[in-house]
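Have a look at the structure below, then the notes.
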Amino acid sequence: MFNIRVYGILLGPDKSVLVADEFIRGGYYTKFPGGGLEFGEGTRDCLKREFKEEMDLEVNIAGHIYTTDFFQLSAFNPSHQIISIYYFVHALEPIKVPLRNKPFDFDEAQLKIYEKTGEIETFRFIPWNEFSEEKITLPIDKVVTGIVKSGF
């Protein structure tokens, strides 16, 4: 079974990189914003929907960066192979959600959401000079980090 994921790389005005810090099923993950492709949806529409759902942010999808070209097993379902597609995105409006300054800086309201859903997330920018594969959790995201840092 294939699990197709679509992620966006949003650069801040100072070339910082937007990441999502997630606490899912007891695990901490720093990843790029995005999520799962739904049946009947194109990859660009998926990414627009994910940014709207997660951040209430309208985005423009720019150039394709990378599509997974190696086998990656899902961290959450051992019967699924992950295929991830990455694009650069540009915000079409100011970011409204709170941006954090440190990883996994969840407030009390978010922790209550975790008790009900088993997952929460928050967002922050990593400064370009600190942005590296070591700051990112997921294996495919690490590959993309290297691509973005090298300027293709």
Requested in this report: Could you tell me the separation between the CZ atom of Phe106 and the OG1 atom of Thr122, rounded to the nearest 0.5 Å?
Outcome: 6.5 Å

Requested in this report: Check whether any side-chain heavy atom of Val148 lies under 4.5 Å from a side-chain heavy atom of Phe131, and answer yes or no.
Outcome: yes

Query raised in the report: With side chains defined as the heavy atoms from C-beta onward, is the minimum distance between Lys48 and Ile61 less than 4.5 Å?
Result: yes

Query raised in the report: So, are Asp45 and Arg49 salt-bridged, with charged N and O less than 4.0 Å apart?
Result: no

Query raised in the report: For the atom pair SG (Cys46) and CD1 (Ile4), what is the distance rounded to the nearest 0.5 Å?
Result: 9.5 Å

Report task. Could you tell me whether the side chain of Val17 reaches within less than 4.5 Å of the side chain of Leu10, counting heavy atoms only? Result -> no

Query raised in the report: Which heavy atom of Pro94 sits nearest a heavy atom of Leu57, and at what distance?
Result: O-CD1, 3.8 Å

**Report entry** His80 and Leu73: CA distance, side-chain angles, deciding distance, side-chain contact (heavy atoms from CB on, under 4.5 Å) verdict
**Finding:** CA-CA 6 Å; His80 286 190; Leu73 196 61; over 6 Å; no

Query raised in the report: Can you tell me how far NZ of Lys96 sits from CG of Asp56, rounded to the nearest 0.5 angstrom?
Result: 4.0 Å

Query - Sidechain-backbone polar pair: Glu53 side chain, Glu50 backbone, donor-acceptor under 3.5 Å - result: no

Report task. Apply the side chain to side chain donor-acceptor pair (under 3.5 Å) test between Tyr86 and each candidate in Thr68, Asp141, Thr67; give the one that qualifies. Result -> Asp141

Report summary line: For Glu134, the salt bridge (charged side-chain N to carboxylate O under 4.0 Å, His left out) test, sequence neighbours excluded, returns none

Requested in this report: Determine whether Asp107 and Arg100 make a side-chain contact, defined as any pair of heavy atoms from C-beta on separated by less than 4.5 Å.
Outcome: yes

Report summary line: In short, Thr145 meets Glu133 closest at the heavy-atom pair CG2-N, 3.6 Å

Query raised in the report: Would Trp128 end up clustered with Ile126 when hydrophobic side chains under 4.5 Å apart are linked, directly or stepwise?
Result: yes

Report task. Say whether Leu11 and Val89 are linked into one hydrophobic cluster, either directly or through other cluster members, by side-chain heavy-atom distances under 4.5 angstrom. Result -> no

Report summary line: dist Thr43:OG1 -> His64:NE2 (nearest 0.5 Å) comes out at 8.0 Å

**Report entry** Residues in side-chain hydrogen bond (donor to acceptor under 3.5 Å, both in side chains) contact with Gln72, at least two apart in sequence or another chain
**Finding:** none

Report summary line: Residues Leu47 and Gly8: closest non-hydrogen pair is CD1-N, 3.5 Å

**Report entry** 4.5 Å side-chain heavy-atom contact, Phe51 and Glu58
**Finding:** no

Query raised in the report: What's the verdict on side-chain contact (heavy atoms from CB on, under 4.5 Å) for Leu18 and Ile9, showing C-alpha distance, side-chain angles and the deciding distance?
Result: CA-CA 7 Å; Leu18 182 71; Ile9 309 301; over 6 Å; no

Report summary line: Distance col, row Met1:CE vs Asn77:CG, nearest 0.5 angstrom, shows 8.5 Å

Report summary line: Value for CZ (Phe76) from CD (Glu119), rounded to nearest 0.5 Å, stands at 8.0 Å

Report task. Write down the atom of Tyr87, the atom of Arg44, and the distance for their closest heavy-atom approach. Result -> CE2-NH2, 3.6 Å

Query raised in the report: Is any side-chain heavy atom of Phe70 less than 4.5 Å from a side-chain heavy atom of Val143?
Result: yes

Query - Closest non-hydrogen atom pair between Asp105 and Gln110, with its separation - result: O-OE1, 4.0 Å

Query raised in the report: Is Lys142 reaching over with its side chain to a backbone N or O of Ser132, donor-acceptor style, under 3.5 angstrom?
Result: no

Query raised in the report: Is a side-chain donor or acceptor of Gln81 paired with a backbone partner of Asn3 at a separation under 3.5 angstrom?
Result: no

Query raised in the report: Do Ile85 and Leu37 sit in the same hydrophobic cluster, where Ile, Leu, Val, Met, Phe, Trp and Tyr count as joined when their side-chain heavy atoms come under 4.5 Å apart?
Result: yes

Report task. Compare all side-chain heavy atoms of Met55 with those of Ile95 and state whether any distance is below 4.5 angstrom. Result -> yes

Query - Residue Asn129 excluded, over 12 heavy atoms near CG under 6.0 Å - result: yes

Report task. For the residue pair Leu92 and Val59, establish whether any side-chain heavy-atom pair is separated by less than 4.5 Å. Result -> no

Query raised in the report: Crowded around Lys112 NZ? As in, over 12 foreign heavy atoms under 6.0 Å?
Result: no

Query raised in the report: Got a donor-acceptor contact below 3.5 angstrom from the Ser74 side chain to the Ile82 backbone?
Result: no

Query raised in the report: Shortest non-hydrogen contact from Tyr7 to Ser84?
Result: CE1-OG, 3.7 Å

May I have the list of side-chain donor-acceptor pairs in residues 23-36 shorter than 3.5 Å, sequence neighbours left out?
residue : atom : partner : partner atom : Å
Thr30   : OG1  : Asp21   : OD1          : 2.7
Lys31   : NZ   : Glu22   : OE2          : 3.2

Query raised in the report: Are Val97 and Ile120 joined in one hydrophobic group, where the rule is that I, L, V, M, F, W and Y side chains link up if heavy atoms are under 4.5 Å apart?
Result: no

Query raised in the report: What do you reckon, is NZ of Lys102 surrounded by more than 12 foreign heavy atoms closer than 6.0 Å?
Result: no

Query raised in the report: Cluster question for you: counting only ILVMFWY and a side-chain heavy-atom cut-off of under 4.5 Å, with indirect links fine, are Phe123 and Phe88 together?
Result: no

